[in-house]
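Hydrogens, waters and symmetry mates are skipped; everything else that's a heavy atom, side chains included, is used.
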Amino acid sequence: MRLLTATFTNSHRGGDGPPLVCLHGFIDTWRTWELVLPALERHHDVLAPMLPGHAGGPSIEGAATPSTLVEGVERAMDEAGFETAHVVGNSLGGHVALQLAARGRARSVVALAPAGGWAVGDESFREALAYFTRMQQLLVGIAPHAESIVSTPEGRRRATLFITNNYEHIPADLLAHQIVGAATAPGMTQLLELGEREGWQLDASRIDCPVRVVWGTADRILPWPTAAARYRDDWLPHADWIELDGIGHCPQLDVPLETAELILGFTAQIPWAHDS
């Protein structure tokens with residue numbers, strides 16, 4: 001049972017250059033960025049915080065609200081001395097990145113399969129919520145055996161089936177960490193209830209920074225293009241849209257080199273007078 005008592009840190013910071021904030025997805029951890037951090041930190045001062053309600057992150061007191069996560073990230077940015085930053089986010093973190101942009105805290109956003117993009121009236125988002133409920137129940141049972149499971153190629157394939165197409169290069173210890181982090185995310189129920197109750201809110205009219213949206217065509221959690229409909233048609237039709245053929249829900253794990261290039265190629269285009 002040792003893994004279930006693993007320690008999760010509340011953030012990672014490293015590198016030098018203009019500030020860059022990396023936001024993980026639902027019941028994930030900041031270590032989802034581990035394979036792209038070396039490239040990003042050569043060009044940026046990178047902050048990768050844990051979202052509230054996740055393993056190692058701030059707790060959520062009472063019911064979650066639409067501003068719970070973005071306010072938690074703003075506090076982390078304030079503590080790091082980042083008035084604004086380039087922001088990259090995956091899944092739930094992608095939606096939070098766009099919320100930051102709407103609040104004027106983002107210099108640019110790269111959103112990797114951001115959550116909340118279902119068309120108005122499309123109830124398939126409930127399938128995603130149900131998936132995460134089932135997944136955490138399963139992971140609670142297997143978390144004590146995580147190291148054993150990911151010690152074989154077959155186990156690593158099972159562990160990554162819904163998040164990546166390519167998996168052979170992902171370190172076993174990272175996958176074990178993610179399994180335990182997902183199983184022990186303390187705010188999962190509060191965040192799922194928020195999704196059921198209020199959906200995903202975004203004042204896209206207030207976003208005035210450049211935005212790039214990257215989506216894998218083989219995403220099994222937020223399927224392309226249906227889970228992107230509201231972003232494409234209503235919220236972000238003029239964003240820079242990039243499809244990754246045959247790539248899954250977490251490009252930063254699936255194709256880390258290409259993902260790092262997509263992030264850095266975008267942030268490098270954004271001039272800024274104050275880089276601290």
According to a hydrophobic-cluster definition based on side-chain heavy atoms being under 4.5 Å apart (Ile, Leu, Val, Met, Phe, Trp, Tyr only), do [X] and [Y] belong together?
{"X": "L35", "Y": "V255", "value": "no"}
{"X": "W200", "Y": "L69", "value": "yes"}
{"X": "Y231", "Y": "V87", "value": "yes"}
{"X": "I263", "Y": "V213", "value": "no"}
{"X": "V36", "Y": "M50", "value": "yes"}

- Rounded to the nearest 0.5 Å, how far does CG of L174 lie from CZ of R156? 12.0 Å
- Item | Interatomic spacing from OG in S91 to CD in Q252 - rounded to 0.5 Å | 9.0 Å
Would you say that [X] contacts [Y] through its side chain, given a criterion of any heavy-atom pair below 4.5 Å between the two side chains?
{"X": "E41", "Y": "H12", "value": "yes"}
{"X": "Q190", "Y": "T68", "value": "no"}
{"X": "W215", "Y": "W241", "value": "yes"}
{"X": "N10", "Y": "P58", "value": "no"}
{"X": "H86", "Y": "H43", "value": "no"}
{"X": "P18", "Y": "H44", "value": "yes"}
{"X": "P256", "Y": "H169", "value": "yes"}
{"X": "S124", "Y": "T226", "value": "no"}

- More than 12 heavy atoms from other groups under 6.0 Å of CZ on R13: yes
- Check each of F132, Y167, Y131 against F162 using the ring pair (Phe, Tyr, Trp, His ring centres under 6.0 Å) test, and report the only one that passes. Y131
- side-chain hydrogen bond (donor to acceptor under 3.5 Å, both in side chains) with D173: which residues, sequence neighbours excluded? R31
- Item | Any residue meeting side-chain hydrogen bond (donor to acceptor under 3.5 Å, both in side chains) with Q99, in chain and number order, not counting sequence neighbours | none
- Query: Going by the side-chain hydrogen bond (donor to acceptor under 3.5 Å, both in side chains) test, which pairs reach into residues 18-28, not counting sequence neighbours?
  - Reply: D28-T32, D28-Q178
- Query: Taking atom types as modelled and ignoring hydrogens, do the side chains of T164 and N166 form a donor-acceptor contact shorter than 3.5 angstrom?
  - Reply: no
- Are any side-chain N or O atoms of S59 and backbone N or O atoms of E61, one a donor and one an acceptor, separated by less than 3.5 Å? no
- Message: Among V96, L47, D78, which residue satisfies the side-chain contact (heavy atoms from CB on, under 4.5 Å) criterion with V73?
- Response: V96
